[in-house]
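Structure first, then comments.
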Amino acid sequence: MLYNIILLKMQNREDKTFEILGNKVIIDLRGRLCETPEELLQSSLFRHLLSIAVERLSEKQSPLLGIFGNRKPDRKVLDKFSDLLSLLSKVPADLLQGKIEQADEFINDRDLLNDFIEFLYNFWRTYDRFIVLNSENDVLDKRPYRTFNESIENLTHLVRKTYREIQKNLTGKVPRVYRQVTAGAEAAAIALPKEVPLPGGEYQKLKNIPVVRQILLNPPLILNPPTNKRGGKFEKISRNPLEIITITPGDFLCYPAKVGPLIVMVYFHNRFLELGISLCNLFEIAEDEDLERKPDALYVYGCNEDLSSLGNYQTVFFDDEKNGVLIAACPNRDEFGYFGYLKKMVLTLHNARMMKEGRMPYHGALVKIAMKNTEKTVLFIGDTGAGKSESLEAFRLIGKDRIRYMTIIADDMGSLEISPDGEIIGYGTEIGAFLRLDDLQEGYALGQIDRAIIMSPSQVNARIILPVTTFKELIRGTKIDYIFYANNYEIVDDDHPIIERFDSPEEAIAVFEAGAVMSKGTTTSTGIVHSYYANVFGPPQYRELHDQIAKQYFDAFFKAGVFVGQFRTRLGISGFERKGPEEAAKALLDVLDRE
């Protein structure tokens, strides 16, 4: 707890140096840090957190309040207690009794006081803790590692040192075991003012929001955002949401995301700071030169206004054809505090822009597979739960002796392009994957723990965000050899093989357009739902345009000799949750081996 504490000595400013929002603490750092335990313990943040901790103990009638005579202490008493801790960080308790007012009362039961100190330390660490390093110029991002080291690392060491020195001077003992926990901030961002070439008018509301340039994480970063599920739809509206949105720059940061070939500026409210920071495991941060051109899309995530006047849903986007930019918005309410609202809206904007440029977006996984004698690129299209990831993981395990390497190009979304010579070229969007922990192979998450951001680990739909590829790989453009629809709902028999090739574009379109998928664990006769091309993120909002693009592309698939078919994973059929993807993987291995 003692951490933030660490915050000031800062320059006197009228704006806030810290903010406590729900279960997170955000430190806005612009001056010099505390350098000694005394500075730490006299900081405004420490005293504020001490008051909150005592209030919690009072609500529970905790015996720890015995150090205050079993009564709720007032501000004056807490100030004297802070003074005592400052002295305890320097000298043994034996030398303090009788030296300062109320010291004897505080120290009378040293075991109880030690328990109280332990409670404070743990209470601080129950918060999600973040630092935002701001600057009026670019001095911070010239040597980012040094900046982070002099803030995050030094703060962590100071907090631990303060805690340990107080306990040593109180008990007269030193620990036998030292646990080097992340006692300070769990993540930090360097955010600077940037002159991004935004359109005029309402867009200028966004110009003073600091832009994230570097991020430091202490993984595994375990977060508990306000909610763990997404609902509703992303609605295309006919009015620019910025017309009714007010922006207070100090309440927002901007994450400039490279989404495939696009630059999407994500303006996230501090209320959702942990989600905005987590974007770094999913989308590459834009370079300075990327910010010299007009962004392709903007997203205000966490506006204070109710957006129901703009459409039927609160998650909306507007296609500003006049200014050549897409603009999306989502309200600042806990019900929207789920990472899926960030990821999927950003990908919706990507898909809309790709269609307007004549590309075909897809919802699926794109992977390059190198066998001993051949190298092929396979695209699996299908909705969530269709068995794409499960089949690829089974493919990797079963074929480990036959596969030279596998390279992920896209884990969830991407786009297709027809080259001048008629080849089908695939691109990805994300460097990371946002996965359900329950869907991963046993032990997989633990093996990636040093890079992971884990969300809502104790709840249903617990998620993990992991880097899985490089931006260079996803943006390169890779010739596609196979395009499969991931069919998880049909039994395999003589008339329905695991891998079935379509004979015509029309036959293929009928399956892909229907976008059928069965919910996991249901029977073969119920639970099937449909979504247009298994992709509700853009194509339905531009259905007429997408119909034209799909017809053009499926004709091109067959003309180019791409293998277009369906891949029966049977993941949605009870009893085939593991066997289905494994047998599908074996069938694909056999097909590739015959090449």
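By convention here, the first residue in the shown sequence is residue 1.
- Counting all heavy atoms, side chain and backbone alike, L571 lies closest to E577 at CD1-O, 3.2 Å.
- Side-chain contact annotation: N224 with S456, donor-acceptor N/O pair under 3.5 Å absent.
- Cation-pi check for K258 over F283 is not met; the charged atom does not lie both under 6.0 angstrom from the ring centroid and within 45 degrees of its normal.
- Separation of the H269 and Y301 ring centroids does not fall under the 6.0 Å cut-off.
- Considering OG of S238 and CG of L310, their distance stands at 8.5 Å, rounded to 0.5 Å.
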Run the numbers on D555 and K551 for salt bridge (charged side-chain N to carboxylate O under 4.0 Å, His left out), then give the verdict. CA-CA 6 Å; D555 285 345; K551 177 65 169 63; 2.6 Å; yes
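- To the nearest 0.5 Å, atoms OG1 (T469) and CD1 (I409) are separated by 7.5 Å.
- Across V562 and R501, no two heavy atoms sit closer than the pair O-NH2, 3.7 Å.
- Classification of K356 and D296 as a salt-bridged pair fails, no side-chain N sitting under 4.0 Å from a carboxylate O.
- At distances below 3.5 Å, not a single donor-acceptor pair connects side-chain atoms of N228 with backbone N or O atoms of N461.
- Taken from OG in S278 to NZ in K343, the straight-line distance is 13.0 Å, to the nearest 0.5 Å.
- Separation of atoms CG (L474) and OG1 (T407) is listed at 12.0 Å; rounding is to 0.5 Å.
- The distance between the ring centers of F336 and Y341 falls below 6.0 angstrom.
- The CD1 atom of I263 sits 10.0 Å away from the CD atom of E284 when rounded to the nearest 0.5 Å.
- For the atom pair CZ (R239) and CG (L242), the distance works out to 11.0 Å, reported to the nearest 0.5 Å.
- Annotation for A352 and Y542: closest pair CB-CE1, 3.5 Å, computed over non-hydrogen atoms.
- Heavy atoms from other residues, nucleotides or ligands lying under 6.0 Å from CD of E195 number 12 at most.
- Taking the ring axis of F434 as reference, the NZ or CZ atom of R463 stays within 45° of it and closer than 6.0 Å to the ring centre.
- Between F512 and F554, the distance separating the two ring centers is shorter than 6.0 angstrom.
- A distance-only check finds no donor-acceptor pair linking the side chain of Q214 to the backbone of A189 [under 3.5 Å].
- A cation-pi arrangement is found for R543 relative to Y532, the charged atom lying closer than 6.0 Å to the ring centre and inside a 45° cone about the ring normal.
- At least one test fails for K236 against the ring of F317: distance under 6.0 Å to the centre or angle within 45° of the axis.
- Judged by distance alone, the side chains of N270 and D251 never bring a donor and an acceptor atom under 3.5 Å apart.
- The backbone N or O of Y313 sits less than 3.5 Å from a side-chain atom of E235, completing a donor-acceptor pair.
- At least one donor-acceptor pair under 3.5 Å links the side chain of T569 to the backbone N or O of A386.
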For a side-chain hydrogen bond (donor to acceptor under 3.5 Å, both in side chains) check, start with the C-alpha distance between Y203 and N240, then their side-chain angles and the critical distance, and finish with the verdict. CA-CA 10 Å; Y203 294 94; N240 192 329; 3.1 Å; yes
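- Residues K24 and E274 are paired through a salt bridge, judged by an N-O separation under 4.0 Å between the basic side chain and the carboxylate.
- A cation-pi contact, defined as under 6.0 Å to the ring centre and within 45° of the axis, links R359 to Y427.
- Within the 4.5 Å cutoff, the side chain of E335 has no heavy atoms near those of the T227 side chain.
- Between the T315 side chain and the C330 main chain, no donor and acceptor come within less than 3.5 Å of each other.
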Step-by-step salt bridge (charged side-chain N to carboxylate O under 4.0 Å, His left out) determination, K388 to D383: CA-CA 9 Å; K388 306 182 297 293; D383 212 340; over 6 Å; no
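- Ring orientation note: the planes of F567 and F484 are tilted relative to one another, at an angle of 30° to 60°.
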